[in-house]
Undergrad: 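Before we start, here is the structure in question, set down as structure tokens.
Per chain, numbering begins at 1; letters A, B, ... match sequence-line order.
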2 protein chains.
Amino acid sequence: MNDDPRWLSDQEQLVWRSYIEAATLLEDHLDRQLQRDAGMPHVYYGLLVKLAESPRRRLRMTELARYAKITRSRLSHAVARLEKNGWVRREDCPSDKRGQFAILTDEGYAVLSRTAPGHVDAVRQAVFDRLTPEQQKSLGEIMRIVAEGLQPSEAGADLPWLR
Amino acid sequence: MNDDPRWLSDQEQLVWRSYIEAATLLEDHLDRQLQRDAGMPHVYYGLLVKLAESPRRRLRMTELARYAKITRSRLSHAVARLEKNGWVRREDCPSDKRGQFAILTDEGYAVLSRTAPGHVDAVRQAVFDRLTPEQQKSLGEIMRIVAEGLQPSEAGADLPWLR
DNA sequence: CTCAGTTACTTGAACTCTCAATCTCTACGG
DNA sequence: CCGTAGAGATTGAGAGTTCAAGTAACTGAG
């Protein structure tokens with residue numbers, strides 16, 4: 001609808017460049033760290049964490065996908081892999097025969113406790129140890145805003161017809 | 001060396017969670033946007049941009065990899081694909097027979113000019129339009145710090161034996 | 001000059017992710 | 001009840017990424 005593209009200002013370009021670079025390097029760094037120390041990529045680790053935090057260490061597939069911000073398809077493949085490792089198992093949902101629970105096994109929990117300290121350290125060294133408390137706070141606010149704007153379907157998506 | 005893991009505080013956990021969520025959603029969003037409108041993932045688009053900005057629209061493979069913060073291997077595969085699309089071509093480096101230039105073709109440049117406005121819009125809508133000028137500035141500073149900390153080998157990496 | 005070490009880049013296989021089906025089951029208006 | 005729209009989850013194929021290994025060419029100490 002808008003003919004004339006609003007380019008990024010020089011300022012904005014620098015910000016965007018820094019973001020892309022940091023995000024790329026960081027994800028890469030954590031992927032390697034976890035692949036080396038825990039035998040799985042960062043996303044998979046995140047799945048185990050979500051399960052560990054959940055009541056009875058279990059979550060419906062769709063819910064887990066929503067929390068982790070990934071597609072159900074991706075989750076299916078991921079859980080299949082984690083199941084092969086013995087870190088997660090599936091169980092049918094009694095109340096909905098279509099449903100499946102992903103459940104963190106004891107072995108999965110063990111991997112997590114064994115590798116969590118190292119991972120936290122990596123995150124600290126890469127991010128928190130380098131930022132002032134104000135910057136940390138600011139980062140949280142900023143990323144929360146961005147995340148909210150990209151949420152697939154807002155809960156109270158009011159008046160969508162107004163944009 | 002440190003026995004006692006320094007966990008993230010509740011504050012820090014929230015920040016980290018927001019970061020992961022936003023970064024995941026954002027990369028996903030831009031990947032889809034570019035796959036749909038330009039027929040390539042976000043990283044590949046970034047490669048074309050780097051080339052477009054370079055003198056004579058060309059860059060040595062290693063340099064391109066360094067700018068884009070990806071491995072040479074990944075770049076090799078990526079350029080192979082972009083070559084198939086006719087958006088990039090390779091040329092031998094005369095002064096170093098091991099070397100290769102990746103060169104943006106006219107067709108590649110055309111794709112870029114055709115799709116850049118839409119991409120900029122997507123970035124604006126997802127990020128810049130939602131942040132105050134102070135937040136934008138802050139984001140830039142924060143990400144620059146993080147990126148610098150993860151750079152494979154610092155130029156003046158002084159006294160690495162002291163950590 | 002020479003050859004051991006390094007740099008530039010590529011390759012193939014294993015793994016992960018995406019996208020478009022597909023399948024089963026639930027919900028519900030008629 | 002029946003029929004069907006939609007939800008929950010999986011699958012397979014194709015695309016992308018990683019890791020380890022490989023080739024070829026440069027570099028420099030001796």
Undergrad: What's the spacing between A/Arg124 CZ and B/Trp7 CH2 if we round to 0.5 Å?
TA: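 That separation rounds to 10.5 Å.
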Undergrad: Same hydrophobic cluster for B/Val111 and B/Val120, using side-chain heavy-atom links shorter than 4.5 Å among ILVMFWY?
TA: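 The answer is no; the residues belong to distinct hydrophobic clusters.
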Undergrad: Hey, is the main chain of B/Gly86 close enough, under 3.5 Å, to the side chain of B/Thr105 for a donor-acceptor pair?
TA: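 Indeed, once roles are kept as given, a pair shorter than 3.5 Å links the two residues.
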Undergrad: For B/Arg57 and B/Asp106, what are the C-alpha separation, side-chain angles and deciding distance, and is it a salt bridge (charged side-chain N to carboxylate O under 4.0 Å, His left out)?
TA: CA-CA 10 Å; B/Arg57 290 185 192 164; B/Asp106 290 347; 3.8 Å; yes
Undergrad: Of A/Ala78 and B/Gly99, whose nearest nucleotide on DNA chain C comes first from the 5' end?
TA: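 Between the two, 5'-proximity favours B/Gly99.
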Undergrad: Which nucleotide sits closest to the side chain of B/Arg32: D/dA9, D/dG16, C/dC19?
TA: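 The nucleotide sitting nearest to the side chain is C/dC19.
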Undergrad: If you compare every side-chain N and O of B/Arg72 against the phosphate oxygens of C/dT7 (OP1, OP2), does one of them come in below 4.0 Å?
TA: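 Answer is no, no contact under 4.0 Å.
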Undergrad: Starting from the 5' end of DNA chain D, give me the residue, A/Asp31 or A/Arg90, whose nearest nucleotide shows up first.
TA: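 Between the two, 5'-proximity favours A/Arg90.
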Undergrad: Of the options D/dG8, D/dG16, C/dC9, whose atoms approach the side-chain atoms of B/Arg60 most closely?
TA: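 It is C/dC9.
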Undergrad: Looking only at the side chain of A/Arg74 (C-beta and beyond, no hydrogens), which of the listed nucleotides D/dG16, C/dT18, D/dT18 gets closest?
TA: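 Among the listed nucleotides, the one closest to the side chain of A/Arg74 is C/dT18.
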Undergrad: Check whether any side-chain nitrogen or oxygen of A/Gln100 sits under 4.0 Å from OP1 or OP2 of D/dT10, and answer yes or no.
TA: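 Checking A/Gln100 against D/dT10: at least one side-chain N or O falls below 4.0 Å of OP1 or OP2.
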Undergrad: Taking the side chain of B/His77 as its heavy atoms from C-beta onward, which of D/dT18, D/dA25, C/dC9 lies nearest to it?
TA: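 Of the candidates, D/dT18 comes closest.
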Undergrad: Which residue, B/Gln35 or A/Glu63, contacts DNA chain D at a nucleotide closer to its 5' end, judged by nearest heavy atom?
TA: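 Going by which nucleotide is closer to the 5' end, it is A/Glu63.
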Undergrad: Under 4.0 Å, counting only non-hydrogen atoms across every strand here, what does A/Tyr44 touch: a base, just sugar-phosphate, or nothing?
TA: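 The answer is sugar-phosphate, as A/Tyr44 gets under 4.0 Å only of primed atoms, P, OP1 or OP2.
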Undergrad: With heavy atoms under 4.0 Å as the rule, sort B/Asp28 into base, sugar-phosphate or nothing.
TA: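 Sugar-phosphate, backbone atoms only, no base.
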Undergrad: What is the distance, rounded to the nearest whole Å, between atom CG of A/Leu47 and atom P of C/dT16?
TA: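 After rounding, the gap between these two atoms is 12 Å.
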Undergrad: Is there, by distance only and without an angle test, a donor paired with an acceptor across the side chain of B/Arg98 and the base of C/dT7 below 3.5 Å?
TA: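 Answer is yes: a donor-acceptor pair is held.
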Undergrad: To the nearest 0.5 Å, what is the distance between CG (B/Leu30) and CD1 (A/Ile20)?
TA: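 Atom-to-atom, B/Leu30:CG and A/Ile20:CD1 are 7.0 Å apart.
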Undergrad: Could you tell me whether the side chain of A/Asp31 and the main chain of A/Pro41 form a donor-acceptor pair under 3.5 Å?
TA: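 No; zero donor-acceptor contacts below 3.5 Å.
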Undergrad: What is the distance, to the nearest angstrom, from the CZ atom on A/Arg66 to the C1' atom on D/dG8?
TA: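 One finds 11 Å between C1' of D/dG8 and CZ of A/Arg66, rounded.
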Undergrad: For the pair made of NE2 in A/His42 and C1' in C/dC17, what is the distance, rounded to whole Å?
TA: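 Whole-Å distance recorded here is 17 Å.
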Undergrad: For the side chain of A/Asp96, starting at C-beta, report the closest nucleotide among D/dT18, D/dG8, D/dG16.
TA: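 The answer is D/dG8.
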Undergrad: To the nearest angstrom, how far is B/Glu27 atom CD from C/dT16 atom P?
TA: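 So the two atoms are 19 Å apart, to the nearest Å.
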Undergrad: Whole angstroms only, please: what is the CD-P distance between B/Gln33 and C/dT18?
TA: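 That distance rounds to 16 Å.
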Undergrad: DNA chain C: A/Val43 or B/Met61, which has the more 5' nearest nucleotide?
TA: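 Nearest nucleotide further toward 5': that of B/Met61.
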Undergrad: Taking N and O atoms by type only, does the side chain of B/Ser73 place a donor or acceptor under 3.5 Å from a partner on the base of C/dT10?
TA: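 Check fails, no donor-acceptor contact within cut-off.
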Undergrad: Between the base of D/dC19 and the side chain of B/Thr71, is there any donor-acceptor pair under 3.5 Å?
TA: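 It does not, because no donor-acceptor pair links the side chain of B/Thr71 to the base of D/dC19 below 3.5 Å.
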